[in-house]
K.L.:
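If you scroll down you'll find the structure; I have some questions about it.
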Amino acid sequence: MTMPSAYEPSEVEGRLYRSWVARGYFHAEPDDRREPFCIVLPPPNVTGALHIGHALDHTIQDVLVRRRRMQGYAALWLPGTDHAGIGTEVLVARQLLAEGVDKREIGREVFVERVWEWRERYGDRIVEQMKALGNSCDWDRLRFTMDEGLQHAVRVAFVRLYEDDLIYRGERIINWCPTDQTALSDSEVEHESVEGELITFRYPLGDGDGYVDAATTRVETMLGDTGIAVHPDDTRYASLVGRSVRHPLDGRKLPIVADAAVDPAFGTGAVKVTPAHDPNDFEIAERRGLEARNILEADATLNDLVPEEFRGLDRYEARRAVRDRLDELGLLVEEERPYVHSVGHCYRCRSEIEPWLSGKQWFVKVEPLKGPAMEAAEAGKLTFFPARWRDRYLEWLEGLRDWNISRQLWWGHRIPVWYCPKGHEFASVEDPDACAECGSTEIEQDPDVLDTWFSSQLWPFSTLGWPEDTEDLRYFYPTSVLVTGYEILYLWVARMVMAGIRLAGDVPFHDVVIHGLVRDAQGRKMSKSLGNVIDPLDMIERYGADALRFSLSRMASPEQQNLPLSEDQIEAGKHFANKLWNAARLVRTNLEGDALELPPSARLTVIDRWLLSRAEACRQEVDAAIETYRFADAAQALYRFLWSEYCDWGLEMAKPRLYEGSAEDRQDASSVLAWILERTLRLLHPIMPFVTEEIRQRFVGEGSIVIAPWPEPMPDHRDGAAEGRVGFAMDLVTAVRRFRSDHRVPPALELRVGVEGDDAQREILGTLSEEVRRLARIGSLLTRGADLPPSGAARLHVQGAEVLIPLEGVLDPEAECERLRGRLEAMAGEAEKAERKLANEGFVTKAPAEVVEEQRRRLGQLKEEEAALREQLDELGCG
RNA sequence: GGGCGCGUAGCUCAGCGGGAGAGCGCUCGCCUCACACGCGAGAGGUCGUAGGUUCAAAUCCUGCCGCGCCCACCA
């Protein structure tokens, strides 16, 4: 097989991916001879395109799954997409509108049909994009949160919770998005600081002289006020409780009530009560028997309950109009502007959320669910990476309030509850023909659909066949790991735990891996308006999927909240793939045959043993890192070993045997290199699946790396002695290179070098003479004292050995003197520091003996080198 | 209002009680028979700031300054 000198990912990736899928490598079934490993993919929205955040999320999951698959687990990565209620409904509705079609005109049924059509046409785009990334998902099991099985699961879940009294219908203040015109759960509201205004105005007493002042940031809501509340112990207002004020704009009488929820220290100590538009006020009103007066339409314009002049205004217009009218009436007491306060925004469309009494909504009662979910984390059934997220998770559950699950939308799982004219209400898994209580056939289904997250929370078990007791479920559930960004820890993760324990009888996963958000190189969020978006598909096209995956892995440290990524880093990933490709070319062309076996240990050279030892160290690091989800450390260990050790030293030191040795030398050397490379490719495969497969096939034929065994530990390969010996040779080479570079010695000029070292050093230089000479461009390398030049040489110090380089014909001695003086100065500074430390009595008496000893040893070394430098300056006749 | 995280080389970060590190960028020298998507060498930091604990602090504690994030029904 020929190997061109540059690796071209685009010519490789599609072909390999198709072959993997065709051979069914990604398909997993329950198998009693294997351990299960399962990850469910957090389903991306069908509306979406794969963005860089997905690429990170998916790369992490693929690394985990591919490694387990190689380790012999029945490794299942279960993919799917989410119907994304609001997002999809808004998107399709907007498209229809562009065609001149209003969704209200075509009606619910036709609209939902249109959404399905849209999904048929575009819903698989994102799946194709996942394939381009190299995801080893089991595509035979691809699911969609609205497909038949999942619809059934959602209904069963709803009915069970309903029958256990964990779902109820109630009239409460909810979060209303006037743009999307639906209710939202608390988790879907994002609080942001906004510059608004705080207006204090005056309510005249209705029965006599006097007034009460109240403050608000939404002055238009005063049109819906039905009372005034003060704290029961507030002496300022004690005489007013039980009396009333008169509404200045519509003349209604508003009672003054006492309620402990009022903070007497804030503002005037009196609160206007707007039960239909504020959750606090709603509760006060319930306790004090005040009416709720709803003044808003669904689009946040004012309705007919307000005085004529304000009807039909939107909330912002009304805010201004009411303020102006109060001003005219002389009732405006104070205006603070800007007044910075926090306002809820819709997580989909960013509109300001209106707390609103919208009529009856469905809620999940969370109190009985959160206890078990908290205990699971406390008992270690659920482990968070990084661990600090566990506390956040617990805090959130602690403060959790009932979950509003009804949405005033058409696209989604319709609430499986029916009503009959007699007022009966019942939930049903199957569509009923008649009322379950009275048999009436005039039944009507609740018009609302469920929160998307209601179906998402079932994902880890609904995708495995729940509520049926399937083999898949018994085998793969609970799943092994959940990988996701921190932004949906509450929205999704915590709810899966509650639902999993309640409905499927166990936690949905054992480990939760929370990663950060991908940012641009400056740490800014990627956004279209900033123009700093890195499109993963574009990157794959230009640099290859491996390059993208490698760069993402290299920064995927779970401790980080922000993960800055630049195109340079992706380019570096491409270079790495190319580097491997070329290393493989060198090895392949020197290796006879396909057998990947190490030579008998008697024929292993010290270089071989050194490289085997380093390879095993790398394997240890990779395993340890991935086990604890430190992907950056795993990627870094592989990069460092393959590039800085295998290529820079391993291949370079092998060259004498490859090019100048006997046939047996050549075969032995290339066998060791090939064996290590192949083994390391398997370690790298989860991170860079394509290039590792492509290269490996050049050595082992068609056998795929996807199902090749994960490298087993080989503790025997660790060889401290070999590392020490070769390490000396490497240090020596580096010292000579530095000398050459410092003095601009022409590269072609071969040096004469003599080394005065101990027996072991002499021995290793004898053994590695060829290698050292080649790497440092040394013409003759002498290792016996008697043969060393008598004088006029530069002296370098390497691990206690002295390296002599005769200067004649190489450079002017004065240049070397210059270098020596610099060294001497640095050395003296170091020595002085060490001396001061040892002169400190506290240090000598209180520090551990080995620390003191180490310091003494170091000082001794420094002194020795210093003396040697002085001696040499003399010898060279420097001033 | 409560809580969390972070301030170390130009950039992004690792180190988390005993000699300041990596990658990228930068400078210099090399088209050396795998690779210029490359090879070799190098420069660059009072470890945010002020105190404290310790023989010893980038590393532990406290205050301050700056940045980011999460949670929250103070009108």
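All heavy atoms count here, side chains included; hydrogens, waters and symmetry mates do not. Order of the sequence lines fixes the chain letters, A, B, ..., with proteins taken first and strands second; residue numbering starts at 1 for each chain. Note that this is a predicted model, so its numbers are computed, not measured.
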K.L.:
Short of 4.0 Å, heavy atom to strand atom, which residues of residues 738-748 of chain A count as contacting RNA chain B?
P.N.:
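R738(A), S741(A), R744(A) - these, ordered by number, are the residues of the stretch whose heavy atoms sit under 4.0 Å from the strand.
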K.L.:
So among W389(A), Y347(A), Y393(A), W396(A), which one has a ring-ring contact (aromatic ring centres under 6.0 Å, His included) with Y490(A)?
P.N.:
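Only match with Y490(A) under ring-ring contact (aromatic ring centres under 6.0 Å, His included): W396(A).
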K.L.:
Quick one: the side chain of K579(A) and the base of C35(B), do they pair up donor-acceptor inside 3.5 Å?
P.N.:
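Yes, a donor-acceptor pair under 3.5 Å.
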K.L.:
Using whole Å, report how far CG of L838(A) lies from C1' of G18(B).
P.N.:
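Checked: the CG to C1' distance equals 12 Å.
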K.L.:
Please tell me which of the listed nucleotides, U32(B), C73(B), A75(B), lies nearest to the side chain of R777(A)?
P.N.:
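From the listed options, U32(B) comes nearest.
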K.L.:
Can K574(A) be said to sit on top of Y543(A)'s aromatic six-ring, NZ or CZ under 6.0 Å from centre and within 45° of the ring axis?
P.N.:
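No; the conditions do not both hold, so K574(A) does not lie above the ring face of Y543(A).
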K.L.:
Please confirm whether the shortest side-chain N or O distance from R401(A) to OP1 or OP2 of C73(B) is below 4.0 Å.
P.N.:
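For C73(B), OP1/OP2 do have a side-chain N/O of R401(A) under 4.0 Å.
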K.L.:
Output the single nucleotide from A41(B), A75(B), C73(B) whose closest atom is nearest the side chain of H191(A).
P.N.:
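Nearest nucleotide to the side chain: C73(B).
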K.L.:
Select from Y7(A) and E283(A) the residue whose nearest nucleotide in RNA chain B is closer to the 5' end of that strand.
P.N.:
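Closer to the 5' end of RNA chain B: Y7(A).
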K.L.:
What orientation do F385(A) and Y629(A) show, parallel under 30°, tilted 30 to 60°, or perpendicular over 60°?
P.N.:
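Geometry flag for Y629(A) against F385(A): perpendicular rings.
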K.L.:
Consider the side chain of W643(A), meaning its heavy atoms from C-beta on, and name the nucleotide among C74(B), C39(B), C55(B) that approaches it most closely.
P.N.:
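Comparing C74(B), C39(B), C55(B) against the side chain of W643(A), the answer is C39(B).
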K.L.:
Would you say the base of A75(B) and the side-chain of T268(A) have a donor-acceptor pair closer than 3.5 Å?
P.N.:
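By the distance-only test, no, there is no pair.
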K.L.:
Is the shortest distance from a Lys or Arg side-chain nitrogen in E816(A) or R819(A) to a carboxylate oxygen in the other one below 4.0 Å?
P.N.:
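R819(A) and E816(A): salt-bridged.
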K.L.:
For R392(A) and C70(B), give me the distance from atom CZ to atom C1', rounded to whole Å.
P.N.:
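Roughly 5 Å, once rounded to whole Å.
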K.L.:
Say whether T274(A) and R218(A), considering side chains only, have a donor N or O and an acceptor N or O under 3.5 Å apart.
P.N.:
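On atom types as modelled, these side chains do not qualify, holding no pair under 3.5 Å.
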K.L.:
What is the separation between atom OH on Y490(A) and atom P on C4(B), rounded to the nearest whole Å?
P.N.:
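To the nearest whole Å, that distance equals 12 Å.
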K.L.:
Looking only at atom types and distance, does a side-chain atom of N404(A) sit under 3.5 Å from a main-chain N or O of S185(A), one as donor and one as acceptor?
P.N.:
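Checked: no pair found.
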K.L.:
Rounded to the nearest 0.5 Å, what separation is found between the CD1 atom of I353(A) and the CG atom of D186(A)?
P.N.:
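The distance works out to 10.5 Å.
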K.L.:
How long is the line joining OH of Y393(A) and P of C70(B), in whole Å?
P.N.:
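It works out to 20 Å between those atoms.
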K.L.:
Closer than 4.0 Å, any side-chain N/O of Y639(A) to the OP1 or OP2 of C24(B)?
P.N.:
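Looking at the OP1 and OP2 atoms of C24(B), one of them is under 4.0 Å from a side-chain N or O of Y639(A).
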K.L.:
Using the closest heavy atom to pick a nucleotide of RNA chain B for each, name whichever of K574(A) or V851(A) lands nearer the 5' end.
P.N.:
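In this pair, the answer is V851(A).
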K.L.:
From C-beta outward on K846(A), which listed nucleotide comes closest to its side chain: C35(B), G40(B), C55(B)?
P.N.:
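When the side chain of K846(A) is considered, C55(B) is the closest of C35(B), G40(B), C55(B).
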